[in-house]
Amino acid sequence: ASALEAALAEWAKAATEAGDRQAAGDAENQLGLALGRRAEREAARVHFDAAVAHRRAAHGERALPTLEALYNRATFRDSSQSLAGAQRDLEHVVAALEDSTASRERELMESCLHNLGVLAEEQDDTLAAAKHLSRALELREARLGHEHASLRPTLVRLAQLNHREERLVHALALYERALAIAKTELPAEHPIV
């Protein structure tokens, strides 16, 4: 474990022992993220589960810290978490944030919709995948404009989905938009371009 992970684990332990659910939830969530980014998803899952429990107790079921922990658990899903479980977490977050106008909450909802599209793709549900990805793209465009770099992953996913479904004209238009965005943010020789 890294020094950061050791410090986070110590913080989580001390906060739990002190009965500070908010601090324990924050520490567990950060520890889960650190492990998840290193692809240690099984270990991350334990910490995300703890973060969700602490944050629910400290903030409530629909509070942003709880929703972020649910999103993280679904995003860094390990082999023990079913697709249905990840989908439930993401759908809960979307439902809780549906009427929010705050930028941070809208961004989280857009990411959840994108990930719901990815999960639907994994289950060969192209209709649901297209619906979720299109909605994520629409909301992100409304918030950030039509050329923002964060649109590229959703554009590419939608392009690939259309490509597989042999809707080549739609796929080409989406690929072209994604390429134009990639060219503005990355050097010409970059593998993504």
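In this chain, numbering begins with 1 at the start of the sequence shown.
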Angle class for the Y175/H163 ring planes (parallel below 30°, perpendicular above 60°, tilted otherwise)?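 Answer is perpendicular, since the angle exceeds 60°.
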
Heavy atoms, side chains only, cut-off 4.5 Å: are [X] and [Y] in contact?
X	Y	answer
H132	R135	no
D26	R55	yes
N115	Y71	yes
V94	L113	yes
R104	L108	no

Kindly indicate, with the supporting measurements, whether the criterion side-chain hydrogen bond (donor to acceptor under 3.5 Å, both in side chains) is fulfilled by R45 and S79. CA-CA 10 Å; R45 170 68 186 269; S79 59; over 6 Å; no

So which heavy atom on A44 is nearest to which on G32, and how close?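 Heavy-atom minimum between the residues: CB-O, 3.3 Å.
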
Are more than 12 heavy atoms, taken from residues, nucleotides or ligands other than E98, located less than 6.0 Å from that residue's CD atom?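 Result for CD/E98: enclosed.
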
Lys/Arg N to Asp/Glu carboxylate O, R37 vs E5, below 4.0 Å: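 No, R37 and E5 are not salt-bridged.
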
Is it true that the side chains of E61 and H92 contain a donor and an acceptor less than 3.5 Å apart?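 Present: a donor and an acceptor within the cut-off.
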
Can a donor-acceptor pair be found, under 3.5 Å and without considering hydrogens, that links the side chain of [X] to the backbone of [Y]?
X	Y	answer
N72	T75	no
Q123	L119	yes
R177	H146	yes

For T66, what residues pass the side-chain hydrogen bond (donor to acceptor under 3.5 Å, both in side chains) criterion, not counting sequence neighbours?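 Partners of T66 under the side-chain hydrogen bond (donor to acceptor under 3.5 Å, both in side chains) test: none.
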
